[in-house]
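Below, read A as the first sequence line, B as the second, and so on, with proteins coming before strands; counting in each chain starts at 1.
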Amino acid sequence: MTVTRFIQRLFTYNISLFIVNGLLWGLFHSIPLLIGLGMQWFFDRATSQSHNYLWLAVPLIFIALVRVSRVGVFFWAFWKWVTYIYDVQAILRTNMLKGIMRWPGRNLPASPGEAVSRFREDVDEVVEYVESWVDFWGRLAFAVISLVIMARINWQITLVALLPLLAVTLLNNLSGNRARRYGQMNREATGRITSFIAESFGAVQALKLGQAEEHVHRRFVQLNESRRQAALKDNLFKEWMRSLNQHVLSICTGIILLMCASAMKAGRFTVGDFALFTSYLTNIAFSISLFGFMVFQHKRLKVSLDRMSVLFRPGEQERLMEFSETYLYEEPPELPAIRKDPQERLQTLEVKGLSYTYPGSENGIRDISFSLERGKFVVVTGRIGSGKSTLVRALLGLLPASEGSVLWNGKTIDPAKFLIPPRAAYTPQVPRLFSDTLRENIIQGSPGGEDRLARAVRLAVMEKDIGDLEKGLDTFVGPRGVMLSGGQIQRAATARMMMTDSDLLIFDDLSSALDVETEKQLWGRLFEEQDATCIAVSHRKAALAEADHIIVMKDGRIEAEGTLTELLATCSEMQLLWQGEAPETEEADESLVKAK
Amino acid sequence: MQPKRQSMTWLLRYLRPVAGRLAILLLLLLASTGVQLVNPQIVQRFIDTAADNGIVSSLLTLAGIYLVLAALNQVLTVAVSYLGNDVSWRSTNLLRGDLLKHCLRLDMRFHNLKTPGEMIERIDGDVTHMSNFFSMFIIKVIGSFVLLAGILGFMFTINWPIAAVMTLFTLASIGAMVFVRDMGVKSSKDERGASAALFGFIEERIAGIEDVQANGNVPYVMNRFYRAMRNVFLKGRKAWMLRVVPWNTTVVLFALAVTVVLLLGVHYYLIGNISLGTLFLIYQYTQMLNDPIEQLGDQVQEFQKAKSGMMRSQELLESRSEIVEGGKTALPEGALGLEFEHVHFSYSPDKPVLHDITFAVRPGERLGIIGRTGSGKSSLSRVLLRLYNIGSGTIRVGGVDIRDLSLSALYRRVGMVTQDVQLFDGTLRDNLTLFDGSISDGYILETTERLGLKQWIDSQPEGLDTHLKAGGSSLSAGEAQLFALTRVFLTQPSLVILDEPSSRLDAATEAMLQTAVDQLMKNCTGIVIAHRLSTLEQVDHIMVLGDGRILEFGERETLAKDPASHYAQLLITGREEDLA
């Protein structure tokens, strides 16, 4: 999206508010015209020979009234402007978050903390840009009208006042690239800071235990120092451009004085005219520096626009400025209940030739095919780095598969859009909870009611833990769920998944945080209550023994598949995974296998 | 909350290192003020000369002087702005650094309540809002007062009744500002709070995006986002409106003052006391009064914005960790012993987590702890590392009460591998050494080789310099756990706690790893919070925990032989690995 197209859409997004702001600020900025005229009026009367006190006082009282009414206009205009600021922020932030959420998986080019700086600084940059445009109309009106008034007094001076405007515009055009570069450098330095803070506090326990406070602090000081340098360069350049505008104008004012000299002596230029000129020129100086600054800002906007666009999936960047409801003026509507379409009830799921390679490496999965039917329990197993989690995430569309397809009841689907509740739900290997109450984390706004919640908690075998927690379900779990133990987090995430009442449940190594009893209870409750269809990543015997079908992964490919008995008989990798576990309990294992 | 006076002085500390620059800044500002004061006088002479039909050459000279001074003023303006910015960045960076360090040192109870996004707002956002205070506030306030004094001083030499009125107006304006200045502080603080919450929300949801997406929670997240944004809107609009009140008060007062002064001026002009040029000078000086007063008003507004940030930062800096460090740093050489004596601990008063825990581990021994989820295993390691304070009892490491030890002495010798591995956006080296530059690459590679991570590192495009993206999302949980083990063993601990270190490893990898861990643990005491019985084959003692109490403690072999023991029961009935 080009900058021009972006701002077009920005202005048309809430056109009425833009126009209202333009009009009100136009009024606010044009009022000084009256003050200038009033001063001219006053000094002309003062230099004339009549010396009636009241006659001289009238222009002064007129000016006072104008000034006071300008304050009234200011409050009105400011109210509208503040409203507009938040409207612009809201639409950009809403679309950015939507864009991020639409793009399956973790694709951001930056850490979450850095991404937040795009929600903050870059959006503010746009607001500043809009501010200039809102001021523009009034400033323009003032400049044009005052130039006309001044030209009627003395057209040569008007010409001199116009020249710096052209010079400044030209100068700004020439320096655009540098403006952009400095702006970008400053932004990047800020991004590194926010990212560093977020990452440090995300890993605070590790840093504390590692006694890394000093090291972290030292690194932070370095980052701060490089930001200081980047910001100073950026600001100096900005300030230099801005003051250069005024600089040119001051010279211009001096020249006007020079030109006045003879005219005044000849009586063609009164003190009143001079008062009007000085009053208008200050304001024109502001206008001209605003116009010059806007050219500069326009160039800089590209930096922010690019930084915000990167958050969108390639091809979707246009949607940064699409119309969205932002709910600033009303409460957002309640979430609609999710309805299950009986047509879509899971019968079979097929995976054909699924491949994915991590960018910049050779790791990944290649040519994975398998299928499962309703009510089956499939376990994916393998060593560390064999591609188990990658397989599950590619299946869910959280990683973009380079090849292959996923079929639901025989129909090809887009997993990222289709494999979500009420059809499929997922618990990641390291689930994330959010800083909220436990209840909120489990129900995630779904209107299921207490019965469904109780069922989800029971299926996740979490009722005892909840009873033990001081505030039960209303316990605040802290950022990323830190107030809970690892096992509790994993079961809370399981409950969250159960709450969705989905057909297909996908567990990425859920059992690693559960004890035998709990895990048995979990599988038991799950299979007796509903004809659950599950895909579970696990290397645990408990899960392997329950499985209808096992897929053994090695180096990103399916090494072997089948039932546990078959695999133990034929597959050496499976034997290794099974044996390595607990050699001394072989007999027990035998009995387990037989029981199946 | 401290009184206001106090809240200013603690900030001065950050200005001390930049005092020299501040002084230069002040000089430049005074020079620029002087130029501003002279300018109207030139215009006055210009008008009077023109009105008296003076010669054109002297008019041209006056115009020329005006030009030179105007140019000089521009140069001064840029210099002031540059230096001001520099001062501001230097001092706020000091504050940012202090805040970061302070917050990192706060205890886990603090961190458990804060999201990383919120920390961004508090360490960077709030401070950025104060940055103006650090540079321009003092400078501009002083500069404004000097300019005001200059104008009024000149006026007294010209006409004292007018000067008196101007002084009165100036005092009234300043008085009004002092009176209304606190108006926006509370609402500004609310606004900052709301915006911190919004950004915290965004950061957390982006960090946990897969959980959100794959569970179909996007609409819910958006709904919450709308609410947070609406809250920022309502709070922010109020704060903005209140913040502009002081400035507008001065505008109204100014309109009154200009009128009164000029009406007086007209009076003296009519009776022939002052010339037309002087009347114009009075007009210009009255106009000029507006600038410093408006400047002061702006600064008050900026100060309000900054003040909410200051209050929040001060709160942060004043929050003390409840973990009070001891002063001792000396611990015996070699492996460290460990003793717990009647230790009680709870996260909240009425829910005891550990109850009367007493045991001892001799240097070099290994203890295995087993117990179901919630039995207090992890809490035991947390109190040992002083992430939380115990309620009562004593914990001794190497014979020294941990409360008497400095935290750095404790952590230098005691390492822990946790269930949840915290990785961050940074290079592999930074993630392994936690930014400690003194650990050599050779040593890192040697340790990673032993733990079986080297192969993986070698496969990365830039080896140790490879950037670990987005909190290590490209790493499997198993690999992450190898990371955590490496991290701890790089510091060569004398007592190491492994909190379910193998929970996410597959059996084949774990078997390989076990040998390495055994070797690394040769020179230290080990506490292994176990997940599988197989992990405990090498330990000397076993402790079984249940509901925060020790159910059993003894030598592993003795317990294994005693069929009545919990451990033996587990060996028989548990059969399996997952009993933890």
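- Contact tally against chain A (heavy-atom pairs below 4.5 Å) for B:K114, B:M119, B:R412: the top residue is B:M119.
- For B:E210 and A:R432, the salt-bridge test fails: no basic side-chain N is under 4.0 Å from an acidic carboxylate O.
- The candidate with the highest count of non-hydrogen atom pairs below 4.5 Å against chain A, out of B:V251, B:V414, B:L279, is B:L279.
- When heavy atoms are compared at a cutoff of 4.5 Å, A:R227 approaches chain B solely by way of its side chain, counted from C-beta outward.
- If you measure heavy-atom distances from A:I506 to chain B, you find no contacts under 4.5 Å at all.
- Using a 4.5 Å cut-off between heavy atoms, A:T94 contacts chain B through both its backbone and its side chain.
- Contacts of B:N431 with chain A are absent, with no heavy-atom separation under 4.5 Å from either backbone or side chain.
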Evaluation steps, side chain to side chain contact (heavy atoms under 4.5 Å, CB included), between A:R93 and B:L198
CA-CA 11 Å; A:R93 288 178 182 153; B:L198 175 68; 4.1 Å; yes
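- Top candidate by heavy-atom pairs under 4.5 Å with chain B, chosen from A:T194, A:V116, A:L209, is A:L209.
- With rounding to the nearest 0.5 angstrom, the CD1 atom of B:I123 is 7.0 Å from the CG atom of B:L104.
- Using a 3.5 Å distance cut-off with no hydrogens or angles, the side chains of A:Y358 and A:T390 do pair a donor with an acceptor.
- Remark: side-chain polar atoms of A:D465 are not paired, donor with acceptor, to backbone N or O of A:Q488 under 3.5 angstrom.
- Heavy atoms of B:M222 lying under 4.5 Å from chain A belong exclusively to its side chain.
- Between the side chains of B:R224 and B:Y220, at least one donor N or O sits under 3.5 Å from an acceptor N or O.
- Only the side chain of A:R219 comes within contact range of chain B, judged by heavy atoms closer than 4.5 Å.
- With a threshold of 4.5 angstrom between heavy atoms, B:L263 approaches chain A through its backbone and through its side chain.
- Of all the listed residues (B:R205, B:Q284, B:R105, B:M229), the one sharing the greatest number of non-hydrogen pairs under 4.5 Å with chain A is B:R205.
- In terms of heavy-atom pairs under 4.5 Å with chain B, the best-connected choice from A:T500, A:V68, A:V271, A:L469 is A:V271.
- Contacts of A:S117 with chain B are absent, with no heavy-atom separation under 4.5 Å from either backbone or side chain.
- Between the side chain of B:Y226 and the main chain of A:P333, no donor-acceptor pair closer than 3.5 Å is present.
- Only the side chain of A:F74 comes within contact range of chain B, judged by heavy atoms closer than 4.5 Å.
- Here the closest non-hydrogen pair linking B:T491 and B:V488 is OG1-O, 2.6 Å.
- A:Y86 has its side chain out of reach of A:T326: every pair of non-hydrogen atoms, C-beta onward, lies at least 4.5 Å apart.
- If you measure heavy-atom distances from A:L433 to chain B, the contacts under 4.5 Å come from the backbone alone.
- Only the side chain of B:F46 has a heavy atom closer than 4.5 Å to any heavy atom of chain A.
- Side chains of B:R90 and B:N93: a donor-acceptor N/O pair is absent below 3.5 angstrom, by distance only.
- Within the 4.5 angstrom heavy-atom criterion, atoms from both the backbone and the side chain of B:S408 approach chain A.
- Only the side chain of B:F225 comes within contact range of chain A, with at least one heavy atom under 4.5 Å from a heavy atom of that chain.
- The greatest number of non-hydrogen atom pairs below 4.5 Å with chain B, out of A:I193, A:I420, A:V82, is found for A:V82.
- Within 6.0 Å of CD in A:E331 there are more than 12 heavy atoms belonging to other residues, nucleotides or ligands.
- Ranked by non-hydrogen atom pairs under 4.5 Å with chain A, the options B:V266, B:I47, B:N248, B:T259 are led by B:N248.
- Heavy-atom distances place the backbone of A:E225, and not its side chain, under 4.5 Å from chain B.
- In this structure, chain A has a heavy atom under 4.5 Å from the side chain of B:Y269, while its backbone stays farther away.
- Only the side chain of B:I209 comes within less than 4.5 Å of a heavy atom of chain A; its backbone N, CA, C and O stay farther away.
- In this structure, chain A has no heavy atom under 4.5 Å from any part of B:L62.
- Here CE of A:M101 is found 12.5 Å from NZ of A:K98. Values are rounded to the nearest 0.5 Å.
- Looking at A:I100, the atoms closer than 4.5 Å to chain B (heavy atoms on both sides) sit in the backbone and in the side chain alike.
- Remark: side-chain polar atoms of B:N215 are not paired, donor with acceptor, to backbone N or O of A:P421 under 3.5 angstrom.
- A salt bridge is absent between B:D499 and B:K377: the closest approach of a Lys/Arg side-chain nitrogen to an acidic carboxylate oxygen does not fall below 4.0 angstrom.
- Annotation: maximal heavy-atom pairing with chain A below 4.5 Å, among B:A255, B:A214, B:P219, occurs at B:A214.
- Looking at B:N73, there are no atoms closer than 4.5 Å to chain A (heavy atoms on both sides), in backbone or side chain.
- For the set B:G437, B:S379, B:G64, B:G236, the entry with the most heavy-atom pairs within less than 4.5 Å of chain A is B:G236.
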Evaluation steps, side chain to side chain contact (heavy atoms under 4.5 Å, CB included), between A:V221 and A:H217:
CA-CA 6 Å; A:V221 169; A:H217 179 246; 3.8 Å; yes
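- The choice from A:A57, A:S200, A:A212, A:S195 that makes the most heavy-atom pairs within less than 4.5 Å of chain B is A:A212.
- Interface remark: B:V232 contributes backbone and side-chain atoms alike to the contact with chain A (heavy atom separation under 4.5 Å).
- Each of A:G105, A:P479, A:A425, A:A493 has some count of heavy-atom pairs under 4.5 Å with chain B, and the biggest count is that of A:P479.
- Contact of A:R70 with chain B is not made at all, since no heavy-atom distance falls under 4.5 Å.
- The backbone N or O of A:E213 sits nowhere less than 3.5 Å from a side-chain atom of A:K208 that would complete a donor-acceptor pair.
- For the residue pair A:S435 / B:E204, a side-chain donor-acceptor distance below 3.5 Å is found, with atom types taken as modelled.
- Side-chain N/O atoms of B:N223 and B:R227 include a donor and acceptor closer than 3.5 Å.
- The part of A:F43 that comes within reach of chain B is its side chain, from C-beta onward, which places non-hydrogen atoms under 4.5 angstrom from that chain.
- Proximity to chain A involves both the backbone and the side chain of B:D211, based on heavy atoms less than 4.5 angstrom apart.
- Heavy atoms closer than 4.5 Å to chain B are found in the side chain of A:A115, but not in its backbone.
- Counting heavy-atom pairs under 4.5 Å between each of A:T83, A:L396, A:T190 and chain B puts A:T83 at the top.
- The shortest non-hydrogen separation linking A:A416 to A:P104 is CB-CG, 3.2 Å.
- With respect to the salt-bridge test (charged N to carboxylate O, under 4.0 angstrom), the residues A:R120 and B:E121 qualify.
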